[in-house]
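Basis for what follows: all heavy atoms, side chains included, without hydrogens, waters or symmetry-related copies. Lettering of chains follows the sequences in order, A, B, ..., and the numbering in each one begins at 1.
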Amino acid sequence: MTEQLLVNLAEEFRELSLGEEVQVLENPPSALEFARIVAGNKPVLIRGATSHWPALTKWNSAYLKDTIGDHVVTVAITPDGYADSVADDKYFVQPLYEKMTFREFMAQSIEHPSGDPTTLGVHYIQLQNDSLRTEFAGLLKDIDVEIGFASEALGSLKNPLSPISCLGGGAHVLSPLFHCREAS
Amino acid sequence: MSCLLFFIAGKPLEAVNFWMGEDHSVTSLHKDHYENLYAVVTGEKHFTLYPPTDFHFLYERPFIPAEYVRDADGSLVLSDHPEEPHVPWISVNPLKPDVKQFPQFLHAMPLRVTVKPGELLYLPSLYYHHVEQSADSEGKCVAVNFWFDMEYDIKFAYFQFIRNLSLKERGLAPNRPEFK
């Protein structure tokens, strides 16, 4: 009985609102339009909001190494590419986090894809601690750190929450998603 | 506590994260308590999304926490921590679902979307997402995402209710510490 009701719930949301495909907007929405999308809790693909970023043409490997090559960054390393994932049907496994220069990261991952056994694992930069403004601040000039419609729709209404403080446990952070609320 | 300090300082601080890797990296199915805007700079990201109303079909369960460490010769090995609180996570891998073990997964209906350079995905709070990536001609995929705190409104309360109901149906007590 309960299971059938949960099936009905999912079907009803799909039929009334969600549909079967992600809606595409060819131009950025106004803040009001975006606030309505957020209130509806529906994903949307937005074109034209970031297409002017210099990053889109500048961020090739040579430029990235020239700009931040000597910076120390945090890299997630796994044997199979699955960071923060279930393993052996009973473990929730976090990656090994290692600090290295960005140049070393490039040498061990992008320039030697993980099919190569000498790389000792799949390397991924995925630290969700406001990393662009901390470890990659040298690249900030190539993007807009404010998405206008989103900041207007969401940002000014919020108590700013610092993911840094929520994720501050370093290697032992379990799942930011489940602990941030208590921290805030 | 430090969140509170930021609030007092009045800084408009959401997170802006930088992602970079080659095409072997996969992000397993999970949700975030943020409104997420995800911008691809180079390469492509392939999202598989499930709305929060699909919670029951994804089989959240508690898992033993573990991490990869390097052994003496540098190989990556799993190190587990069975004494620590278990971590609630999604059981199903949507790339190879075990429908014998997780039969209700057949009711889940994914939305799939590929995000290309210059495009921005609004990924709503509480949506479960699984992410794969394709590399550009240099072998890399780079993305930037913006996190905004979600509203803990009636939608969140309804979601908690559905989650508790689902866990109870499967004999997983929602009020156990690992399900806080």
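For B/Glu132, no part sits under 4.5 Å from any heavy atom of chain A, backbone or side chain. Heavy atoms closer than 4.5 Å to chain B are found in the side chain of A/Ala87, but not in its backbone. Only the backbone of B/Val40 comes within less than 4.5 Å of a heavy atom in chain A; its side chain stays farther off. Looking at A/Glu21, only its backbone comes within 4.5 Å of chain B, counting heavy atoms on both sides. The part of A/Phe13 that comes within reach of chain B is its side chain, from C-beta onward, which places non-hydrogen atoms under 4.5 angstrom from that chain. In this structure, chain A has a heavy atom under 4.5 Å from the side chain of B/Leu37, while its backbone stays farther away. Within the 4.5 angstrom heavy-atom criterion, atoms from both the backbone and the side chain of A/Trp59 approach chain B. A/Leu18 touches chain B through its side chain: at least one heavy atom from C-beta onward sits under 4.5 Å away, while N, CA, C and O do not. Heavy atoms of A/Ile37 lying under 4.5 Å from chain B belong to its backbone as well as its side chain. In this structure, chain A has a heavy atom under 4.5 Å from the side chain of B/Glu35, while its backbone stays farther away. Neither the backbone nor the side chain of A/Leu140 comes within contact range of chain B; no heavy atom of the residue lies under 4.5 Å from a heavy atom of that chain. Both the backbone and the side chain of A/Ala55 come within less than 4.5 Å of a heavy atom of chain B. Residue A/Leu25: no heavy atom, backbone or side chain, is found under 4.5 Å from chain B. Proximity to chain A is limited to the side chain of B/Val142, based on heavy atoms less than 4.5 angstrom apart.
No donor-acceptor pair under 3.5 Å is formed between the side chain of B/His130 and the backbone N or O of B/Tyr128. Side-chain atoms of A/Asp130 come within 3.5 Å of backbone N or O of B/Val16 as a donor-acceptor pair. At least one donor-acceptor pair under 3.5 Å links the side chain of A/Glu33 to the backbone N or O of A/Ser30.
A/Glu104 and A/Lys99 are not joined by a salt bridge, as no carboxylate oxygen comes within less than 4.0 angstrom of a charged side-chain nitrogen.
Taking the six-membered ring for Trp and thresholds of 30 and 60 degrees, B/His33 and B/Tyr152 have ring planes more than 60 degrees apart, a perpendicular arrangement. Ring geometry, A/Phe105 versus A/His123: the interplanar angle falls from 30° to 60°, so the pair is classed tilted. A perpendicular orientation is assigned to the rings of B/Tyr38 and B/Phe47, their planes being inclined by more than 60° (bins at 30° and 60°). Note on ring orientation: taking the six-membered ring where Trp is involved, the planes of A/Phe136 and A/Phe102 are perpendicular (angle over 60°, cut-offs 30° and 60°).
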